[in-house]
Amino acid sequence: TTQLSVLVKLLTSNDRKRTIIFFVMSIIGAFLEALSVGLIFPLLHLISADSGSNYYLQVIVLSIFGIEIGAKTTLYITLGCFLSVYILKSLYLVILARAQAKFIFTVKSNLSNKLFHQYIYAPYDFHLTKKSSQLIRNVSTECSQLVSNVLIPSVVIVTEGMVLIAIFTLLFYLEPTVSSLIICLILSSFYLFQKVLANRSKSLGYERQNAEALVVQATQEGLNGITDIKLSNSSEHFVDRFRSININAAQHASQQFIISHFPKIWLELLAVTGLISLIAIMQFGSPNIENIVPTIGVFALAAFRLLPS
């Protein structure tokens, strides 16, 4: 939260305007995602049910175009609509990804420029009280980390959050009871992960920052004092010191990497458990498999879309 508030304060007026445009584009993308998931329902219904289920689409085509169509033609029309929506969605997501990349790395560039400008025009007394390694880390490493750990996750949360709301609205319309149970399960799991992993991840972040600062400092001391190192024949001491500091930084980064994979594994387990529970509940309520296949297909496609890659 603190890092996000700092990032918001550092955004320029143009960056904030781009944020609004990006938000609107994310809403459109979420609608297309929900539409592409929802179209699997009539498609599976046509495939699994008898020919009488095609009646409504046949009446619509007849009233609009004045053409009578059969069951196969009805299926082909549905397949065509399904494919067309996916093509449109894919093209739009490419445009959205391009807008995301431009927004993210423009902000990164502006942040680095702003920090460097402030450091260059800062009073000389400021530089006497600050280590150059810390300032270098802020301009290069920390700007990248702020973008990687705050801005990019925020962008992902906005885009995926929109998709989540749109798809869950669709699922709630189809199966309100099951959807409510799934939402409660996801929220409780998210709360559990926040309680267990958030504090550990935060402390690892601080430890990684300090470790990387020591790596930069050790590098500068070794390279800037190369003359003294050669004269005193102390190369091995500096190499061993750098190796120890570097290994420590790598260990902290490794632990952060491991923690970042836990949510995906847990969500996959929840998705499989939820899908099996859905099949069991719907099979108990409606023994006719033809009635539950379309709904199961929608939930399966929704789970496939929502799970992180």
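Computed from heavy atoms alone, side chains included, the values below leave out hydrogens, waters and symmetry copies. All residue numbers in this chain count up from 1 along the given sequence.
Within a 6.0 Å radius of CZ in Phe103, other residues, nucleotides and ligands contribute more than 12 heavy atoms. Counting non-hydrogen atoms of neighbouring residues, nucleotides and ligands closer than 6.0 angstrom, the CG atom of Asn233 reaches no more than 12 such neighbours. Environment of CZ in Phe31: sparse, with no more than 12 heavy atoms of neighbouring residues, nucleotides or ligands closer than 6.0 Å.
Contact detail for Val158 and Phe22: the closest heavy-atom pair is CG1-CE2, 4.3 Å. Pairing each heavy atom of Ser26 with each of Met162, the nearest pair is O-CB, 3.9 Å. Nearest heavy atoms, Val37 versus Val298: CG1-O, 3.8 Å. Counting all heavy atoms, side chain and backbone alike, Ala34 lies closest to Ala166 at CB-CB, 3.7 Å.
Under the 4.5 Å side-chain heavy-atom criterion for grouping Ile, Leu, Val, Met, Phe, Trp and Tyr, Tyr173 is connected to Val85 within one hydrophobic cluster. Note on Phe299 and Phe82: same hydrophobic cluster, where clusters join Ile, Leu, Val, Met, Phe, Trp and Tyr whose side-chain heavy atoms are under 4.5 Å apart, directly or indirectly. Following chains of ILVMFWY side-chain contacts shorter than 4.5 Å, one can reach Ile40 starting from Leu171, so the two form part of one hydrophobic cluster. Using a 4.5 Å cut-off between side-chain heavy atoms of Ile, Leu, Val, Met, Phe, Trp and Tyr, with links allowed through other members, Val216 and Phe116 fall into different hydrophobic clusters.
With sequence neighbours excluded, no residue satisfies ring pair (Phe, Tyr, Trp, His ring centres under 6.0 Å) with Phe105. Under the ring pair (Phe, Tyr, Trp, His ring centres under 6.0 Å) criterion, Tyr121 pairs with His117, sequence neighbours left out. For Phe172, there are no ring pair (Phe, Tyr, Trp, His ring centres under 6.0 Å) partners, not counting sequence neighbours. For the side chain to side chain contact (heavy atoms under 4.5 Å, CB included) test, residues two or more places apart in sequence or in another chain that qualify with Leu214 are Gln217, Ile245.
At a threshold of 4.5 Å between non-hydrogen side-chain atoms, the residues Leu91 and Ile95 do not count as touching. Taking 4.5 Å as the limit, every side-chain heavy atom of Arg241 sits out of range of all side-chain heavy atoms of Ser244. Lys17 places none of its side-chain heavy atoms less than 4.5 Å from the side chain of Ile20. Within the 4.5 Å cutoff, the side chain of Leu35 has no heavy atoms near those of the Lys89 side chain.
Sorted by first and then second residue, the pairs that involve residues 156-171 and meet side-chain hydrogen bond (donor to acceptor under 3.5 Å, both in side chains), not counting sequence neighbours, are Glu160-Arg305. Counting only residues at least two apart or on different chains, the side-chain hydrogen bond (donor to acceptor under 3.5 Å, both in side chains) pairs with a member in residues 92-111 are Asp15-Asn110.
Separating the CG atom in Leu170 from the CD1 atom in Ile165 is a distance of 14.0 Å, to the nearest 0.5 Å. To the nearest 0.5 Å, the span separating CG on Leu96 from CD1 on Ile28 amounts to 9.5 Å. To the nearest 0.5 Å, atom CD1 of residue Ile167 and atom OG of residue Ser36 are 7.0 Å apart. Residue Ile87 holds its CD1 atom at 4.0 Å from CG of Leu83, rounded to the nearest 0.5 Å.
Of the possible polar contacts, none joining the Asn246 side chain to the Phe242 backbone as a donor-acceptor pair under 3.5 Å is found. A donor-acceptor pair under 3.5 Å is formed between the side chain of Ser90 and the backbone N or O of Tyr86.
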